[in-house]
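First up is the structure itself, then whatever we jot down about it.
Keep in mind it's a predicted model, so treat the numbers as computed, not measured. One-based numbering along the sequence shown.
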Amino acid sequence: MADLGRQLQEYLAQSKAAAAGGGSSAAPAPPPAGCSQEEAGSGGGLGAWLGQLNPFPPGRGVPSAAAAPGSGPSSGAIWPWAAEADPCLPGLSRWQRLAGSGLCLLLAALCFGLAALYAPLLLLRARKFALLWSLGSLCALGAAALLRGPARLLREPGRGFLLYLGALGGTLYAALGLRSTLLTALGAAVQLGA
């Protein structure tokens, strides 16, 4: 709380100095120490609050091209999954990708848990079970794609992965589009086999 008060006093002093010096020609004040430029420009809210939780502050833990892996003082904070930006997700920072992946994993766990509740009623509610299981799988794949990057994940897919994606799409189409219990159960069986 004291840090927040100090930052507020610094901001007020800078704004008074800018107003006294002409204001329009002065450069904007840099963001506070723990925030990035976009978080500071948002004026508070959820972005500023999440910025305080960011384990990857800007400029720290980013490996340089000249430094060897594992050397330097910041080598403990390097995120191993994607040091380079993914072409499919160019605007997302590491923190945003990590938070999105966590959200996808929570949704996957919710879908898998709800599917487990329908397991005793599998013969009566096969479509609901397969739909929840497939949506959980889709969320888990989305979490992996956010962590590794969709381009890296799909660069060299194996036959088993392609079969699983086809079965996942077929199960969702049979459950949502065709509303066929038999085709939904067949797609779910292929998912489990792949």
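Within 6.0 Å of OH in Tyr173 there are 12 or fewer heavy atoms belonging to other residues, nucleotides or ligands.
With Ser101 contributing its side chain and Arg97 its backbone, the two residues share no donor-acceptor pair below 3.5 Å.
The cluster map of Ile, Leu, Val, Met, Phe, Trp and Tyr, joined by side-chain heavy atoms under 4.5 Å apart, puts Leu165 and Leu172 in the same cluster. Hydrophobic clustering keeps Leu162 apart from Leu154 (ILVMFWY residues linked when any side-chain heavy atoms are closer than 4.5 Å, directly or through intermediates). Leu117 and Leu110 fall within a single hydrophobic cluster, where Ile, Leu, Val, Met, Phe, Trp and Tyr are joined by side-chain heavy atoms under 4.5 Å apart, directly or via other members. Linking ILVMFWY side-chain heavy atoms closer than 4.5 Å, directly or via other members, places Leu192 and Phe112 in a single hydrophobic cluster.
With rounding to the nearest 0.5 angstrom, the CG atom of Leu168 is 11.0 Å from the CG atom of Leu163. Considering CG of Leu138 and SG of Cys111, their distance stands at 9.0 Å, rounded to 0.5 Å.
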N/O donor to acceptor pairs below 3.5 angstrom from side-chain atoms of residues 118-134, sequence neighbours left out:
from   : atom 1 : to     : atom 2 : distance (Å)
Arg127 : NH1    : Arg179 : O      : 3.1
Ser134 : OG     : Ala130 : O      : 2.8
Ser134 : OG     : Gln191 : NE2    : 2.9

Show me the donor-acceptor pairs within less than 3.5 Å that the side chains of residues 180-189 make with the rest of the protein, sequence neighbours left out.
from   : atom 1 : to     : atom 2 : distance (Å)
Ser180 : OG     : Leu183 : N      : 3.3
Thr184 : OG1    : Ala175 : N      : 3.4
Thr184 : OG1    : Ser180 : O      : 2.5

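For Ala140, the side chain to side chain contact (heavy atoms under 4.5 Å, CB included) partners are Ala108, not counting sequence neighbours.
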Item to check | Working for side-chain contact (heavy atoms from CB on, under 4.5 Å), residues Leu92 and Leu146 | outcome: CA-CA 9 Å; Leu92 294 181; Leu146 280 171; 4.3 Å; yes

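Hydrophobic cluster membership for Leu153: none, as no Ile, Leu, Val, Met, Phe, Trp or Tyr side chain comes under 4.5 Å of it. In the hydrophobic clustering, where aliphatic and aromatic side chains (Ile, Leu, Val, Met, Phe, Trp, Tyr) are joined below 4.5 Å either directly or transitively, Leu106 stands alone.
The shortest non-hydrogen separation linking Arg152 to Arg148 is CD-O, 3.3 Å. When all heavy atoms are compared, the tightest approach of Cys88 to Pro150 is CB-CG, 3.9 Å.
Residue pairs satisfying the side-chain hydrogen bond (donor to acceptor under 3.5 Å, both in side chains) criterion with at least one member in residues 136-145, sequence neighbours excluded, are listed as follows: Ser137-Tyr164.
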